[in-house]
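As the structure is a computational prediction, the values presented were derived from the model and not from experiment.
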Amino acid sequence: LPLSMTERDAVRNQFVKCWRMPAGAKEDYNLAVKVRVLLNEDGSVREVGLVPSQVSRYQSDTFFKAAADSAIRAVQLCNPLQNLPPEKYDAWRDMELNFDPMEMLY
């Protein structure tokens, strides 16, 4: 069973509440970070990292690197996730999450 939009938003919001953009980031509107998160059945994080398409930017852009490190740290801090539907484990065990500073403004 796939996760509903409400369930996906609830998962994302659990991580986003722990996310803090680095102070003084230049062009923070351009620092959206996408991470891949692998979860265990109990909601604990097994693995977190950048999606492959963002690795080269991570290596070459210090502002992006700081934002990406902050997003990864947020996933680790908000571990484990709460209220995940166990019957949908196949849908939430491996997910990509977008940490976008522009979305935090609203």
* To do: Give a yes or no answer on whether the side chain of Asp61 reaches the backbone of Phe64 with a donor-acceptor pair at less than 3.5 Å.
  => yes
* **Rounded distance [0.5 Å steps], CZ in Phe15 versus CE in Met95** => 7.5 Å
* Asked: Which heavy atom in Asn79 sits nearest to a heavy atom in Ser44, and how many Å separate them?
  -> OD1-CA, 3.1 Å
* Distance, nearest 0.5 Å, that separates CG of Leu38 from CD of Glu47 -> 4.5 Å
* Inspect the contact between Lys65 and Asp69 and indicate whether a charged nitrogen and a carboxylate oxygen are less than 4.0 angstrom apart. => yes
* To do: Mind listing the closest non-hydrogen atom pair of Asn98 and Val33 along with its distance?
  => OD1-O, 3.3 Å
* To do: Output, in order, the C-alpha distance, side-chain angles, deciding distance and verdict of side-chain contact (heavy atoms from CB on, under 4.5 Å) for Val11 and Asp9.
  => CA-CA 5 Å; Val11 167; Asp9 287 345; over 6 Å; no
* Asked: Could you go step by step and tell me if Leu50 and Lys34 meet the side-chain contact (heavy atoms from CB on, under 4.5 Å) rule?
  -> CA-CA 6 Å; Leu50 288 176; Lys34 186 173 277 193; over 6 Å; no
* Structure fact -> Taken in chain and number order and not counting sequence neighbours, the residues that satisfy side-chain hydrogen bond (donor to acceptor under 3.5 Å, both in side chains) with Gln14 are none
* To do: Can you see which heavy atom on Gln54 is nearest to which on Ala32, and at what distance?
  => NE2-O, 3.3 Å
* Asked: Looking only at heavy atoms, which two atoms of Val48 and Gln76 are closest? And how far apart?
  -> CG1-NE2, 4.0 Å
* Using 30° and 60° as the class limits, which term best fits the ring planes of Phe99 and Trp19: parallel, tilted or perpendicular? -> perpendicular
* Just how far is it from atom CG of Leu81 to atom CG of Asn13, taken to the nearest 0.5 Å? -> 11.0 Å
* **Within-4.5 Å side-chain heavy-atom neighbours: Pro85 and Glu7** => yes
* More than 12 heavy atoms from other groups under 6.0 Å of CZ on Arg57 -> yes
* Asked: Are Glu96 and Val35 close enough that some pair of their side-chain heavy atoms sits under 4.5 Å apart?
  -> no
* **Close side-chain approach of Val37 to Leu39, heavy-atom, < 4.5 Å** => yes
* List in chain and number order the residues that pass side-chain hydrogen bond (donor to acceptor under 3.5 Å, both in side chains) with Thr6, two or more places apart in sequence or in another chain; answer none if no residue qualifies. => none
* Measure across Pro2 and Ala91 and return the closest heavy-atom pair with its distance rounded to 0.1 Å. => CA-CB, 4.0 Å
* Gap between atom CE of Met5 and atom CZ of Arg12 - 0.5 Å precision -> 10.0 Å
* Could you tell me the separation between the CZ atom of Arg20 and the OG atom of Ser70, rounded to the nearest 0.5 Å? => 8.5 Å
* Those residues that, when tested against Tyr89, pass ring pair (Phe, Tyr, Trp, His ring centres under 6.0 Å) (two or more places apart) -> Trp92
* Give, for atom CZ of Arg93 and atom CG of Leu84, the distance between the pair rounded to the nearest 0.5 Å. => 14.0 Å
* Heavy-atom donor-acceptor pair, Gln59 side chain to Ser56 backbone, under 3.5 Å -> no
